[in-house]
Number of protein chains: 2
Amino acid sequence: MNISEVAKRAGIPPKTIRYYEEIGLVAPPRDTNGYRAFRDSDMHKLAFLSRARALGFTIENCRTLLALWEDQDRASADVRALARDHLKDIEAKITDLEEMRDTLSSLVKACAGDDRPDCPILKSLGNAKL
Amino acid sequence: MNISEVAKRAGIPPKTIRYYEEIGLVAPPRDTNGYRAFRDSDMHKLAFLSRARALGFTIENCRTLLALWEDQDRASADVRALARDHLKDIEAKITDLEEMRDTLSSLVKACAGDDRPDCPILKSLGNAKL
DNA sequence: CTTGACCTTCCAGTGACTGGAAGCCCTATA
DNA sequence: TATAGGGCTTCCAGTCACTGGAAGGTCAAG
């Protein structure tokens, strides 16, 4: 399978797949013409990566997850720990963003948004008392 | 005022302040010894930047906001439009993260997390049917 | 006069790609 | 058989917003 076909199936741009090879996440063999010849196993790895990335795992965590996936003797506790840590990160990010959203949305509501210069948003950014 | 004093007051690391100067967000004059001599106005700009960044505005948006802040003839509509766009971005991000959180949390709950290899998390990442 | 805490500049690295240039390879059609 | 197009390759550079570190000048205290 050539790269664009794999890209389509895994939902990852060819550029990204080449990048994944560069950092050692996949290692497809080459045809005599130098083209990457993806096997089914490469394809599956890339699909795995695509889904792990979609869940927000970092590349390094994806690397670990892939290794655990391939390790028949893994302990599910290791996988779970990784996922739980990541879940915490996500929850923290959500909390941060919600605070931003709340502040920002109340400022936007308070702003007339007309052609006059008076603006609570700028006022708030200019004064310490948020 | 020297850089570390400003850093403390504005809540921005000295390195970041130097970076902000490099990209033209502030332009403190220099003492004869080459040290940056921050004026009150520089200090206020940096405090403004600190708060705008805390609300998640990009550097380029901060630049625009700063310009609007300094422009006595601005229209509050411009500020509000910027803020509303940013608010939308934040809300979209929250939605994405919430979806990740929900998927991940259900996977974590389904995983025994013991020393056996059987793991719904890896199973889910390995199969298309999420 | 030395110590240590400042300050300066410059260079490089982060994460995870992404864009673009230059050039080979393959297939189909005129 | 020439050529046009697409796809493939590599390599270099840029993104965003810093951050770390090295090498060296400056300042105040003891």
Side-chain angles (χ1 to χ4, degrees), chain A residues 1-39 42-43 45-46 48-66 85-86 89-90 93 96-97 100, chain B residues 1-39 42-43 45-46 48-66 85-86 89-90 93 96-97 100:
Chain A
M1 234 185 313
N2 277 355
I3 199 165
S4 64
E5 176 67 20
V6 176
K8 213 190 317 169
R9 290 206 209 177
I12 306 175
K15 277 255 166 184
T16 303
I17 296 178
R18 290 192 195 103
Y19 170 69
Y20 286 173
E21 187 195 38
E22 193 187 321
I23 63 174
L25 287 179
V26 278
R30 302 296 183 115
D31 274 343
T32 46
N33 60 9
Y35 287 20
R36 287 167 185 83
F38 293 87
R39 299 156 294 189
D42 299 314
M43 177 60 218
K45 267 195 197 183
L46 287 165
F48 181 100
L49 287 169
S50 172
R51 289 189 280 269
R53 292 288 299 132
L55 285 180
F57 284 104
T58 64
I59 289 287
E60 282 320 302
N61 279 350
C62 287
R63 196 190 297 280
T64 306
L65 286 170
L66 257 186
D85 286 356
H86 180 47
D89 288 354
I90 286 176
K93 256 188 208 163
D96 286 356
L97 286 170
M100 290 184 199
Chain B
M1 233 187 316
N2 277 353
I3 199 165
S4 65
E5 177 68 17
V6 177
K8 213 191 316 170
R9 289 206 209 175
I12 306 175
K15 276 259 168 181
T16 303
I17 296 177
R18 291 194 194 100
Y19 170 69
Y20 285 174
E21 187 195 38
E22 195 188 320
I23 62 173
L25 288 179
V26 277
R30 302 296 181 117
D31 274 344
T32 46
N33 59 11
Y35 287 20
R36 287 167 186 83
F38 293 87
R39 299 156 295 189
D42 298 314
M43 176 60 218
K45 267 194 196 182
L46 287 166
F48 181 99
L49 287 169
S50 172
R51 288 189 281 271
R53 291 290 296 132
L55 286 180
F57 285 103
T58 64
I59 288 287
E60 283 320 301
N61 279 350
C62 286
R63 195 190 297 280
T64 305
L65 286 170
L66 213 43
D85 285 355
H86 180 46
D89 288 355
I90 287 176
K93 258 187 207 164
D96 285 357
L97 286 170
M100 289 184 201

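Quantities reported herein were computed from a predicted structural model and do not represent experimental measurements. Every chain is numbered from 1 and lettered A, B, ... according to where its sequence line falls, protein lines coming before strand lines.
- For the pair A:Arg18 CZ and C:dT18 P, the interatomic distance rounds to 13 Å; values are reported in whole Å.
- To the nearest angstrom, P of C:dG15 lies 16 Å from NE2 of A:His86.
- Among A:Lys45, A:Arg39, A:Arg18, the single residue meeting the side-chain contact (heavy atoms from CB on, under 4.5 Å) criterion with A:Val26 is A:Lys45.
- As a whole-Å value, the separation of B:Ile3 CD1 from C:dC7 P is 7 Å.
- In this structure, A:Tyr35 atom OH and C:dC26 atom C1' are separated by 6 Å, rounded to whole Å.
- Taking CD1 of B:Ile3 as the start and CG of B:Leu46 as the end, the distance is 8.5 Å to the nearest 0.5 Å.
- The interatomic distance linking A:Arg63 (CZ) with C:dG15 (P) rounds to 11 Å, in whole Å.
- Regarding contacts with the backbone of D:dT10, a side-chain N or O of A:Arg36 is found under 4.0 angstrom from either OP1 or OP2.
- Within the 4.0 angstrom heavy-atom criterion, no nucleotide atom of any strand lies near B:Phe57.
- As judged by a 4.0 angstrom heavy-atom cut-off over every strand, B:Ile23 is placed among residues making no nucleic acid contact.
- Computed from coordinates, the B:Leu46 CG to D:dA17 C1' distance equals 15 Å when rounded to whole Å.
- Contact check, B:Ser4 against C:dC7: a side-chain N or O comes under 4.0 Å of OP1 or OP2.
- To the nearest 0.5 Å, the span separating CG on B:Leu49 from CG on B:Leu66 amounts to 5.0 Å.
- For the atom pair CD1 of B:Ile90 and CG of A:Asp96, the computed distance is 10.5 Å after rounding to the nearest 0.5 Å.
- The distance from atom CD of B:Glu22 to atom C1' of D:dA17 is 11 Å, rounded to the nearest whole Å.
- Note on A:Tyr20: a side-chain N or O is less than 4.0 Å away from OP1 or OP2 of C:dC17.
- An OP1 or OP2 oxygen of D:dT10 is reached within less than 4.0 angstrom by a side-chain nitrogen or oxygen of A:Arg30.
- Considering only side-chain N and O atoms, A:Arg53 lies under 4.0 angstrom from the phosphate OP1 or OP2 of C:dC17.
- In terms of position on DNA chain D, the residue among B:Ile59 and A:Lys15 whose nearest nucleotide sits closer to the 5' end is A:Lys15.
- Dashed line: the shortest gap from a side-chain N or O of A:Thr58 to OP1 or OP2 of C:dG15 is not under 4.0 Å.
- At D:dC27, one or more side-chain N or O atoms of B:Asn33 fall inside 4.0 Å of OP1 or OP2 (strictly under the cut-off).
- A heavy-atom distance below 4.5 Å is not found between the side chains of B:Val6 and B:Asp42.
- One can place CG of B:Asp31 at 16 Å from C1' of D:dA28, the figure rounded to the nearest angstrom.
- One finds no side-chain N or O of B:Tyr19 lying less than 4.0 angstrom from the OP1 or OP2 phosphate oxygen of D:dC16.
- Both A:Thr32 and A:Pro13 sit near DNA chain C, but only A:Pro13 has its closest nucleotide nearer the 5' end.
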